[in-house]
There are 2 protein chains.
Amino acid sequence: MSIKTKLLTSAERLFDQHGFMSTSMDQLTKAADMSSRTLYKHAGGKTGLVQAVLTARDKRFMQAIDVQSIDDLFAALQNWTLTEGARGCLFLRAYGEAGGETPEITDAVMAHKAAFHAQIARIVKAELGANHPDLELLTEQILVLIEGSTSAAIYRGTDAITSAHQAATLLIAQTRKDSGI
Amino acid sequence: MSIKTKLLTSAERLFDQHGFMSTSMDQLTKAADMSSRTLYKHAGGKTGLVQAVLTARDKRFMQAIDVQSIDDLFAALQNWTLTEGARGCLFLRAYGEAGGETPEITDAVMAHKAAFHAQIARIVKAELGANHPDLELLTEQILVLIEGSTSAAIYRGTDAITSAHQAATLLIAQTRKDSGI
DNA sequence: ACAGGTGTAAAACGATCGTTTTACACCTGT
DNA sequence: ACAGGTGTAAAACGATCGTTTTACACCTGT
């Protein structure tokens, strides 16, 4: 495990568990087991570190949900929540803590959300066929269900994901039926 | 407008726009146009102020969604977002920033979310009838749709709420149909 | 008339923040 | 052999944090 990987994984853990602004550079250097000089050489500063953590998480999360069906998508989300815990979307949390006032962070968040939306659009298209007229609506609805289960899981547990999955399944089935008429 | 109301409304605005940890007591006293001595007498401290802001917002939000139908619920949410903006659920943001490590804040957040869940359960019950077997599932699904549209609206705009509304309507209609068979 | 409550302005508290600097040590490739 | 890169430990930077204190002023009810 490279020194850079150790920095990113320990920082991600601290940011996720205690919040971005509440985590000090001192805690970050101690958790990464390196000197502040080394941390600053690698990350540039706290904003750069947040940016790097979000970019790494984007890659990891996008890989986790790189599936071909709605069922697999929700299974991947259940698995992610089981291993990572349920503390809400780390990207939206970063955006909220920075108040949208740090362009580097806003950019990283919006880039992730654009990729996230595109991924869902792709899966919905694979599910309904490329010519279905309701692709956009369904994509938006599945996206809302996933964002919602991510938020709701914080206080309702993984049942929120199961319920969202059932809703998604019904929406897809109903949309298939409507187009069949 | 009392001095306490001015403090709570200006603090809510700052916390919402810049984040809780990023907002300093200095900014809060200046926005409330009072001395720090007065602020501390009224709020106790920063944690007390966050707590008071969340409690006040809970009352205001619960009043806004005190409706009798799913349609009115989503209309209320559209209206809320139009006047308040879309920066995510302030309660979950507070919880995330505090890392769940400040009991007073955790309590305020969880109390709100319990009331929020109960409110949705009440509306779903009014919509489907008290004896419908799927009340719990529908409640959880509507809750997920609302949490999701609150999060998604940050980067997808109010369309997310419209899509969630359509999904909720279809889920309710389908659940009615299933029980009719 | 005067006590109690409520307010201001400003200085000060110690603690901590993110960041930089200094002085030094160890590899590694040529 | 030695330069360059990469690392540590520790001190120091000025700025800012949340909070408390001091000294003073104005209402308001009795």
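Just the heavy atoms: all of them, side chains too, but no hydrogens, waters or symmetry mates, feed the values below. The structure displayed is predicted, hence computed values, not measured ones.
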Exercise. Take atom CG of A:Asp26 and atom P of C:dT20, then tell me their distance rounded to the nearest Å.
Key: 16 Å
Quiz item: How are the rings of A:Trp80 and A:Phe61 set relative to one another: parallel (under 30°), tilted (30 to 60°) or perpendicular (over 60°)?
Solution: perpendicular
Self-check item: Residue-phosphate contact under 4.0 Å: B:His42 side-chain N/O, C:dG7 OP1/OP2
Solution: yes
Quiz prompt | Donor on one side chain, acceptor on other, B:Gln78 and B:Thr162, under 3.5 Å | solution = yes
Quiz item: Do B:Arg37 side-chain and D:dT22 base share a donor-acceptor contact under 3.5 Å?
Solution: yes
Exercise. For D:dT8, take OP1 and OP2 only and decide whether either is under 4.0 Å from a side-chain N or O of A:Thr38.
Key: yes
Quiz item: For A:Met21 and C:dT16, what is the distance between atoms CE and C1' respectively, to the nearest whole Å?
Solution: 14 Å
Practice problem: Could you let me know what C:dT6 is paired to, Watson-Crick or G-U wobble, both distances under 3.5 Å, or none if it's on its own? | Solution: D:dA25
Self-check item: Short side-chain N/O contact from B:Ser35 to OP1 or OP2 of C:dA9, under 4.0 Å
Solution: no
Exercise. Could you check how far CG of B:Leu39 sits from C1' of C:dA9, rounded to whole Å?
Key: 15 Å
Quiz item: Applying a 3.5 Å limit to both distances, which nucleotide forms a Watson-Crick or G-U wobble pair with D:dA1?
Solution: C:dT30
Practice problem: Return the nucleotide paired to C:dT19: Watson-Crick means purine N1 to pyrimidine N3 with N6-O4 or O6-N4, wobble means G-U with N1-O2 and O6-N3, both under 3.5 Å. | Solution: D:dA12
Practice problem: Record whether the side chain of B:Ser36 comes under 3.5 Å of the base of D:dT20 through a donor-acceptor pair of N or O atoms. | Solution: yes
